[in-house]
Amino acid sequence: QLQLAESGGGLVQSGGSLRLPCVTSGFTSEFYAVAWFRQVPGTEREGVSCISISEGRTEDADGVKGRFTVSRDNVKNTVWLQMNSLEPEDTAVYYCAAGEGRCSLWHGTYQFWGQGTQVTVSS
């Protein structure tokens, strides 16, 4: 049974940084991708960044390019989302998700989801 666990959320001032880990367990194949999504109540879940675990290929949404970086540690089965220059508009619940195949920012790609971690950016 594949499981995902996010952590690292919290309250940060505008311009600050946070680093979110997503620990995965239970995958038997290396050909899968892990992505970060975020959601504000009343809006659709938005793809933020993703990474293909075997290739290391990444993709970032336009709104976070140059500010957010996704990376992986295959030994620790952890995917990191480094968020810099945070803005109040980045406030959301952040979810990590995993699924077989290549990196994609479309939520339908992913079969497994974590429970989310709240990120709040104050102005």
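Here, residue 1 is the first one in the sequence, and each next residue gets the next number. Keep in mind that what you see is a predicted model, and the values were worked out from it rather than measured.
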A.B. asks: How long is the span from the CD atom in E59 to the SG atom in C103, to the nearest 0.5 Å?
C.D. replies: 5.0 Å
A.B. asks: Starting at OG1 of T58, measure out to CG of D60 and round the result to the nearest 0.5 Å.
C.D. replies: 5.5 Å
A.B. asks: Ignoring hydrogens and angles, tell me if any N or O in the side chain of T91 forms a donor-acceptor pair with the backbone of V121 under 3.5 Å.
C.D. replies: yes
A.B. asks: Say you draw a straight line from OG of S49 to CH2 of W36; how long is it, rounded to the nearest 0.5 Å?
C.D. replies: 10.0 Å
A.B. asks: Can you name the one residue among I51, D73, V70 that meets side-chain contact (heavy atoms from CB on, under 4.5 Å) with W80?
C.D. replies: D73
A.B. asks: Can you find a heavy atom in the side chain of V79 that is under 4.5 Å from one in the side chain of I53?
C.D. replies: yes
A.B. asks: Ignoring hydrogens, what is the shortest heavy-atom contact between L2 and A98? Give both atom names and the distance.
C.D. replies: CD2-CB, 3.9 Å
A.B. asks: Indicate yes or no for a side-chain donor-acceptor contact from S104 to the backbone of W106 under 3.5 Å, with no hydrogens or angles considered.
C.D. replies: yes
A.B. asks: Name each donor-acceptor pair under 3.5 Å that joins a side chain in residues 10-26 to protein atoms two or more places apart or in another chain, with its distance.
C.D. replies:
residue, atom, partner, partner atom, Å
S17, OG, N84, OD1, 2.9
T24, OG1, N77, O, 3.4

A.B. asks: Could you tell me whether the side chain of Y94 reaches within less than 4.5 Å of the side chain of Q118, counting heavy atoms only?
C.D. replies: no
A.B. asks: Taking the six-membered ring for Trp, are W113 and F37 parallel (under 30°), tilted (30 to 60°) or perpendicular (over 60°)?
C.D. replies: tilted
A.B. asks: Which heavy atom in R72 sits nearest to a heavy atom in E55, and how many Å separate them?
C.D. replies: NH2-C, 4.2 Å
A.B. asks: Within a reach of under 6.0 Å around CD of Q82, are more than 12 heavy atoms found that belong to other residues, nucleotides or ligands?
C.D. replies: yes
A.B. asks: After noting the C-alpha distance and the side-chain angles of C96 and L4, does the key distance pass the side chain to side chain contact (heavy atoms under 4.5 Å, CB included) rule?
C.D. replies: CA-CA 7 Å; C96 69; L4 304 169; 3.9 Å; yes
A.B. asks: Would a hydrophobic clustering, with Ile, Leu, Val, Met, Phe, Trp and Tyr connected at side-chain separations under 4.5 Å, put V64 with L105?
C.D. replies: no
A.B. asks: Does the T78 side chain pair with the main chain of K76, one donor and one acceptor, at a distance under 3.5 Å?
C.D. replies: yes
A.B. asks: Quick one: do Y32 and Y95 end up in the same hydrophobic cluster if we chain Ile, Leu, Val, Met, Phe, Trp and Tyr together by side-chain heavy atoms under 4.5 Å apart?
C.D. replies: no
A.B. asks: Got a second to check how far S123's OG is from E89's CD, nearest 0.5 Å?
C.D. replies: 9.0 Å
A.B. asks: Ion pair present between D90 and R67, side-chain N to carboxylate O less than 4.0 angstrom?
C.D. replies: yes
A.B. asks: How many angstroms lie between OG in S52 and CZ in R102, if you round to the nearest 0.5 Å?
C.D. replies: 7.0 Å
A.B. asks: List for me each residue that meets side chain to side chain donor-acceptor pair (under 3.5 Å) alongside E46, sequence neighbours excluded, and say none if there are none.
C.D. replies: R38
A.B. asks: If you take all heavy atoms of V40 and T43, which pair is closest and at what distance?
C.D. replies: O-OG1, 2.7 Å
